[in-house]
Protein chains: 2
Amino acid sequence: MQKKNAKLIKQINKRLVLKCIRDDEPISRADIAKKIRISRPTVSTLVNQLIEDEWVNEVGQGDSTASGGRKPINLMFNPKKYYIIGVDIGGTNVSVGMTDLNGEILSYDEFPTPQNTTDELFEKLQSTVEQMIKKKSIPQFKIFGMGVGVPGITNVQDGFVYDAPALGWQNYPVKKELEKYFDFPFYIDNDVNVGVLGEHWKGKGKDKKNIIYIAIGTGIGSGIIINNELYRGTNYSAGEMGHMVTDRLHAKDFQPTYSGYGFLESIAGGSAIGQMMTERINKKVHAKEVFNMYQEGSGDAKEVVNFAIENLALGIANYISLLNPEIIILGGGVSGAYPIIKNQINDILKRYTPQSCELAQTAFGKEAGVVGAAALFLKEHDSILNI
Amino acid sequence: MQKKNAKLIKQINKRLVLKCIRDDEPISRADIAKKIRISRPTVSTLVNQLIEDEWVNEVGQGDSTASGGRKPINLMFNPKKYYIIGVDIGGTNVSVGMTDLNGEILSYDEFPTPQNTTDELFEKLQSTVEQMIKKKSIPQFKIFGMGVGVPGITNVQDGFVYDAPALGWQNYPVKKELEKYFDFPFYIDNDVNVGVLGEHWKGKGKDKKNIIYIAIGTGIGSGIIINNELYRGTNYSAGEMGHMVTDRLHAKDFQPTYSGYGFLESIAGGSAIGQMMTERINKKVHAKEVFNMYQEGSGDAKEVVNFAIENLALGIANYISLLNPEIIILGGGVSGAYPIIKNQINDILKRYTPQSCELAQTAFGKEAGVVGAAALFLKEHDSILNI
DNA sequence: GTTTTAGTTAATTAAATTTACTTACAAACC
DNA sequence: GGTTTGTAAGTAAATTTAATTAACTAAAAC
């Protein structure tokens, strides 16, 4: 635990000052003092130390007030103090990116997930990261650290992944393995948790306290932010929306495709939509094509999509009834169909939820995982800067 | 906001010391210093102030260690420093109680909820509280404050109750009204939130971080504790489990009995169980009687109960899938039937949830609301003592 | 030139820590 | 049985850290 003495106070205040500058830049020392109600001399001392450490820059003078007085010196946060590596390990692709401290992506790259050994995966990851740093001529000490998203339930404490079917990992010690390849600090978490952190930091969930991020891809998963904090659950398995039951009778016939596959994802997930259509028309199709056929007016596609989306919407409605979030953000492959499905979902939400809730589609593209992973690093890493 | 200076440190440390004594009493100054890693002189100063203020008592000497040394002076928390009034306003009864700071109930009383005017209710409440204090000869300054539970969505900030059908309140300014009758500090909240706070403080949820308390009475509601904090939701309406949909097809026919009545409670709540049976046997019965008939082997009762409990269990399963809590505690009138229904529920949980979760029945009797309301006060009231 | 605001310097204050002390006890030793 | 030795609890004094307040300088508007 932190020593509970004067140094703690200083640290708290320094963080407060930095946060204030990040939130309200450009801002003067005097305004910071007013805003966070710390005396002007204290603010000056702290700001000067932040400048010394290159967290903050002076960026010229502001304007005096109408009634006169000395012009303030404007201060700005320096987002280039450090850089962060964000990694999203998916079943088919691995995305790697570098962001500054404001979440701006400076470099992005991806490669197909090596399917043979994890060693191969990590070696490729290491070389990609190293090349990225080299190409941008970033000195090693400027790399703050790395965040990593993996598609499975992750114990962020001991760094084990319980189960990641897309990677074939079971009780796999990712943290220990990654330590062999990287010597800066890193943090690992579930891809949906990474997703919701990204939305909270730079996406549709910005400035919101209670956020649900639902990823509808092959399966259905979700990440939860409550009171501005990621909620992981008692055993790191909160947000397993794919296991929800929205249709009592239908659920009785349900047999999981494989262990760990839930009811809702088995009827409303991407592969389920593709499979249901495949069975109807005797031709292998994917979810994306089903939505295309839906728009072209196919009756079969309409029935398949309506059934899936009705259940998905009930799942979302249940989420809202239980958690009363500020916003629900849809992501993952199927969320591309958002314009098509949003009305149906909203109708069901209106009917069944006690409180209305904003529904939105993620604004991120393929770089979502990178931004989220960077957010993960900044949330978890103990420094003056915390988001 | 708190002034961020040395005084804050002192307050933090004082709270830490008090918490340490409450958690590990009896304990010596030296052991406190070791445990919370603050220097012995600082602990001594703080302890002496706590003794001065009667938060803590010295209670004789402990034993020396085998290797000798001066005997430690044992310290104990003084639960009689203040007393708390707990109030549970229900549709039919109002419970009033007084507890000490350890949650021990020193006095309990109840009266039927006056059905005419709220003035009548509050006057009766005032006189009951005053008599209770008088009877126990507690001086006024020893009353720390009061917690109040009400059966409806409550904005705890401005003290308005949006909707409490059982009391006929709509957008009712409870806080403002109660201020006319009581001059000690008080806090108001939803009865299920009060319920979960009570369970967290003194009930089955003690020492657990993530708790769901489900009250199954006339309707179905729930309270959520996440990371040791009550989660109220964005608009104070988190935990509206009664609105969950567990049966897609059945829900299509659903028409709320009155505005604000949800699907799940309309098929699995206490009045629903009574009503479904009433329709079958053409005789007015209540849920409790239905469970009696169930035990006596009635086929009708069996069908009614199974249907209701199956849906309730699916609702609980969905809760677990989303929140992965440490424990789910069942309370409210219908929870009396827990021994009858627990197996059916557990079977469904096992089938549909990705993670197992402890299921328990509340250990509180009629005094649950009083303990919870006292917990509410201690959670909300800003003092050295926080639970 | 007066007023006003930004930012700094110096003195003061609060509360922690460290170091050194006293008090008190257990066990071993003569 | 009395005395010595080692250990632990608790306290007093000196030191340190970082805040605040009060007083100052700098610079701008009118």
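Look at CG on B/Leu46: it is 9 Å from P on C/dT17, rounded to the nearest Å.
Between B/Asn48 and A/Lys10, the residue whose closest nucleotide on DNA chain D is further toward the 5' end is B/Asn48. Along DNA chain C, the nucleotide nearest to A/Ile73 and the one nearest to B/Thr45 differ in position, and the one closer to the 5' end is contacted by A/Ile73.
A/Tyr83 and A/Phe144 have their aromatic ring centers separated by at least 6.0 angstrom.
Interface residues of residues 19-30 of chain B facing DNA chain C, ordered by number: none; criterion, heavy-atom separation under 4.0 Å.
Residues forming a side-chain contact (heavy atoms from CB on, under 4.5 Å) with B/Asp183 (at least two apart in sequence, or on another chain): B/Gln140. Residues meeting the side-chain contact (heavy atoms from CB on, under 4.5 Å) test with B/Phe364, sequence neighbours left out: B/Glu199, B/Lys202, B/Thr362, B/Glu367, B/Ala368, B/Val371. With sequence neighbours excluded, no residue satisfies salt bridge (charged side-chain N to carboxylate O under 4.0 Å, His left out) with A/Arg70. Among residues two or more places apart in sequence or in another chain, the side-chain contact (heavy atoms from CB on, under 4.5 Å) test is passed with A/Ala374 by A/Ile84, A/Thr99, A/Trp201. Scored by the side-chain contact (heavy atoms from CB on, under 4.5 Å) test, A/Lys10 finds A/Leu46, A/Gln49 as partners (sequence neighbours excluded). A/Lys209 meets the salt bridge (charged side-chain N to carboxylate O under 4.0 Å, His left out) test with no other residue; sequence neighbours excluded. In terms of the salt bridge (charged side-chain N to carboxylate O under 4.0 Å, His left out) criterion, residue partners of A/Arg29 (sequence neighbours excluded) are, by chain and number, A/Glu58. Every residue two or more places apart in sequence or in another chain was checked for a salt bridge (charged side-chain N to carboxylate O under 4.0 Å, His left out) with A/Lys136, and none qualifies.
Within the nucleic acid shown, B/Pro41 comes within 4.0 Å of at least one base atom, counting heavy atoms only. Here A/Lys14 lies out of heavy-atom contact (under 4.0 Å) with every strand.
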Report summary line: Nucleotide by nucleotide, nucleotides 23-30 of chain D touches protein heavy atoms under 4.0 Å in the pattern (B base, S sugar-phosphate only, - none) ---BBBSS
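Applying the ring-ring contact (aromatic ring centres under 6.0 Å, His included) test to every pair with at least one member in residues 19-69 of chain A, sequence neighbours left out, gives these pairs: A/Trp55-A/Tyr82.
Recorded end-axis angle for the helix from C/dG1-D/dC30 to C/dC30-D/dG1 stands at 10°, based on five pairs per end and rounded to 10 degrees.
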